[in-house]
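Accompanying notes for the structure given below.
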Amino acid sequence: MKKVVAIKEYCVACGLCEVYCATVHSRYPDSVLKAFKLSPQKPVSRVFLEKSEQWSGGIQCRHCKDAPCIAACITGAMYRNRDGIVLLDEERCVQCSTCVIACPYGLIKESDMGGRKVLLKCDLCYQLAESPTCVTYCPNEALIWVEEGETL
Amino acid sequence: MNYVIIGNSTAAIAGVEGIREVDSQGEIVLISRETHHTYSKPLISYYLAGKVSRENMDYRPADFYARNRVKTYLGQEVTSINPETKTVHLEPEDVDLSYERLLIATGGSPIVPPVFRGDYLNLHQFYCLDDVLNLSRSLEEERPRKIAIIGGGLIGLKAAESMVLRKQHVIVIEAGPYLLGSIMDREGAALVHEHLVEQGIEFYFSRPVIQLETGARGIEGLILEDHTVVACDMVLLAAGVRAAYPPTVAGGLKTDLGILVDNYMQTSIPGIFAAGDVAQGFDMMAEVSRPVPILSGAYRQGRIAGLNMAGQKKESSGIMAFNSIPLLGLNIATAGLSTEVGDDFTPLSKTGPGKIYQKLILKENRIHGLIFVGDISRAGMYRGLMTKKADISSYRQHLLSSDFGLKYLPEEYIEEVL
């Protein structure tokens with residue numbers, strides 16, 4: 001399956017991956033301004049910009065083949081869809097946060113949605129026809145959308 | 001190949017999924033004493049608290065058995081297993097089913113301390129769905145005012161939480177010196193205790209119940225070792241779980257605290273596998289064979305058993321105990337060891353602000369355990385380092401820092417993740 005890969009040499013840590021990820025998952029997916037100005041809660045990104053003095057890169061759920069979060073999920077809410085994407089069914093999630101400690105990269109995040117706890121993870125924007133939003137809006141092509149194992 | 005699976009919880013379901021990854025044709029028969037569609041046991045407290053509906057307790061969708069072509073015998077008990085003829089006998093159906101590969105995934109059964117053995121109307125187990133369906137009915141019919149919970153472990157405290165959310169007065173009796181003894185150290189447990197006292201729960205420690213006061217309603221008081229009398233009008237048992245062995249196996253399976261299995265989840269009898277709470281596999285952090293009764297372990301063992309039963313050689317590297325248990329708004333996550341078991345272990349910890357406690361247990365430049373209370377957001381990353389047996393010496397000084405992340409990790413680790 002296709003995955004998002006970060007090229008840390010190209011990344012300039014602009015943070016647009018986080019901005020657009022948060023926007024597309026907000027109530028106003030088409031407008032950054034509206035998403036951040038009108039949403040009742042500040043939109044939250046599911047991609048994390050990791051940066052040190054030497055490098056940076058956007059990172060999100062790896063959609064592991066042998067996914068620890070699926071094995072650990074107590075409700076069955078964490079599942080893999082037909083395309084191999086690891087998704088969380090929010091309807092069935094009881095916010096036990098077992099996936100937070102299960103994810104070996106710390107890429108599942110708890111967020112407070114106006115007093116209601118929710119667990120957030122990358123869904124590879126599977127409902128969009130095009131590439132994931134973080135890839136689409138990365139100005140430097142530091143995030144790319146490639147078949148697994150494909151060389152750059 | 002044909003398969004028989006005894007059990008219908010996590011390990012059994014993972015067994016089905018493991019088999020079907022390899023063998024789409026073989027016949028799978030699944031037998032369960034319980035009559036319900038597969039459901040998630042840890043959700044029973046969420047159900048009582050009204051946080052999950054009965055339908056959403058299902059561990060897999062309604063068409064799971066059909067889609068995986070599993071023939072089920074629900075409400076049936078296996079009364080004997082014969083490895084000579086490779087058959088199991090079922091009652092009340094009174095049939096013999098033959099198998100080429102058998103998976104024992106019978107789970108655990110709750111421990112009943114001797115003092116509670118007897119028939120008391122207001123004594124409830126807190127282990128499976130039928131227990132909470134009964135309990136739910138009793139709560140509505142009997143309207144108890146004071147509920148005593150026996151056991152301050154994971155199950156006991158989740159039960160306590162659900163009762164508090166139902167506006168019940170709750171008293172927890174823990175025989176040991178502190179809460180969550182199997183996964184927590186004293187300092188972390190003290191924070192959890194403080195939080196739960198603020199939520200109105202009463203606690204008694206280090207004094208087991210030695211006698212009961214009984215009356216018309218059943219149990220009306222608990223007499224503790226120091227002769228303290230705790231009045232109550234309902235009792236929930238959450239005193240721990242032990243392996244629920246299947247009935248006599250001719251030839252005998254080797255057991256210790258669970259059915260002994262190798263790294264392929266095969267028992268001492270070829271062709272018979274075991275997984276989940278009934279099995280005793282390898283604990284990768286304690287580095288010994290011992291039961292690790294947690295859902296993720298049951299899933300991993302069940303899947304590996306399924307793969308091997310269907311002929312794909314897949315070895316387990318062992319399982320790690322880890323939990324996340326929010327309790328009335330306080331997050332708690334633990335993994336691996338919870339206490340330093342010898343001189344060569346070094347704890348690294350951080351407290352505050354507020355109800356935050358984070359501790360790593362280090363030995364020979366590796367993380368062997370973690371206890372996070374209050375803030376668990378980076379727990380997964382540390383657990384990842386534990387799984388990989390990563391050498392932490394080059395970034396030891398950054399562990400538990402508020403900005404700990406990939407940036408402190410070695411190049412090859414970063415490359416692997418990105």
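Residue numbers start from 1 in every chain, and the chains themselves are labelled A, B, ... in the order their sequence lines are given, proteins ahead of strands.
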Distance in Å, B:Leu418 CG paired with A:Cys11 SG, rounded so as to fall on 0.5 Å steps: 9.5 Å

Assess the residue pair A:Glu50 and B:Val417 against the criterion (side chain to side chain contact (heavy atoms under 4.5 Å, CB included)); give the C-alpha distance rounded to whole Å, side-chain angles, the decisive distance to 0.1 Å, and a yes or no. CA-CA 11 Å; A:Glu50 286 273 351; B:Val417 180; over 6 Å; no

Measure the spacing between CD of A:Glu91 and CD of B:Glu55 and express it to the nearest 0.5 Å. 12.0 Å

Side chain, backbone, both or neither: which part of B:Thr10 has a heavy atom under 4.5 Å from chain A? neither

Side chain, backbone, both or neither: which part of B:Ile414 has a heavy atom under 4.5 Å from chain A? side chain

Interchain contact, A:Cys103 with chain B, by part (heavy-atom threshold 4.5 Å): backbone

In terms of heavy-atom contacts, A:Cys73 and B:Tyr59 come closest through O-CE1, 4.0 Å

Residues 369-381 of chain B, side-chain donor-acceptor partners within the protein, below 3.5 Å, at least two apart:
from     : atom 1 : to       : atom 2 : distance (Å)
B:Asp375 : OD1    : B:Ser377 : N      : 3.0
B:Asp375 : OD1    : B:Ser377 : OG     : 2.8
B:Arg378 : NH1    : B:Phe404 : O      : 3.3

Tell me, side chain or backbone of B:Gln301 under 4.5 Å from chain A's heavy atoms, or both, or neither? neither

Identify which part of B:Glu411 has an atom lying under 4.5 Å from any heavy atom of chain A, answering side chain, backbone, both or neither. side chain

With a 4.5 angstrom heavy-atom cut-off, is it the side chain or the backbone of B:Tyr382 that approaches chain A, or both, or neither? neither

In terms of heavy-atom proximity below 4.5 Å to chain A, should B:Lys388 be classed as side chain, backbone, both, or neither? side chain

Which atom names give the shortest non-hydrogen contact between B:Asn331 and A:Glu110, and what distance separates them? ND2-OE1, 3.0 Å

Just give me the residue among B:Ile325, B:Asp58, B:Val52 that pairs up with chain A most often, heavy atom to heavy atom, under 4.5 Å. B:Asp58

Roughly how far, to the nearest 0.5 Å, is the SG atom of A:Cys96 from the OH atom of B:Tyr46? 5.0 Å

Decide yes or no for B:Lys407 and A:Gln54: does some side-chain heavy atom of the first lie under 4.5 Å from some side-chain heavy atom of the second? no

Check A:Ile74 against B:Leu295 and note the closest heavy-atom contact, atom names and distance. CA-CD1, 4.0 Å

CD1 of A:Ile101 to CG of B:Asn323, rounded to nearest 0.5 Å, is 7.5 Å

Say you draw a straight line from CG of B:Leu406 to NZ of A:Lys51; how long is it, rounded to the nearest 0.5 Å? 14.5 Å

Between CD of A:Gln95 and OG of B:Ser324, what distance do you get to the nearest 0.5 Å? 11.0 Å

Note: vs chain B, highest number of non-hydrogen pairs under 4.5 angstrom among A:Cys69, A:Gly57, A:Ser56, A:Pro68 is A:Pro68

Sidechain-backbone polar pair: B:Ser296 side chain, A:Ala71 backbone, donor-acceptor under 3.5 Å: no

Which of residues 75-85 of chain A get closer than 4.5 angstrom to chain B, counting heavy atoms alone? A:Thr75, A:Gly76

Within the side chain of B:Arg383, is there an N or O that forms a donor-acceptor pair under 3.5 Å with the backbone of A:Pro104? no

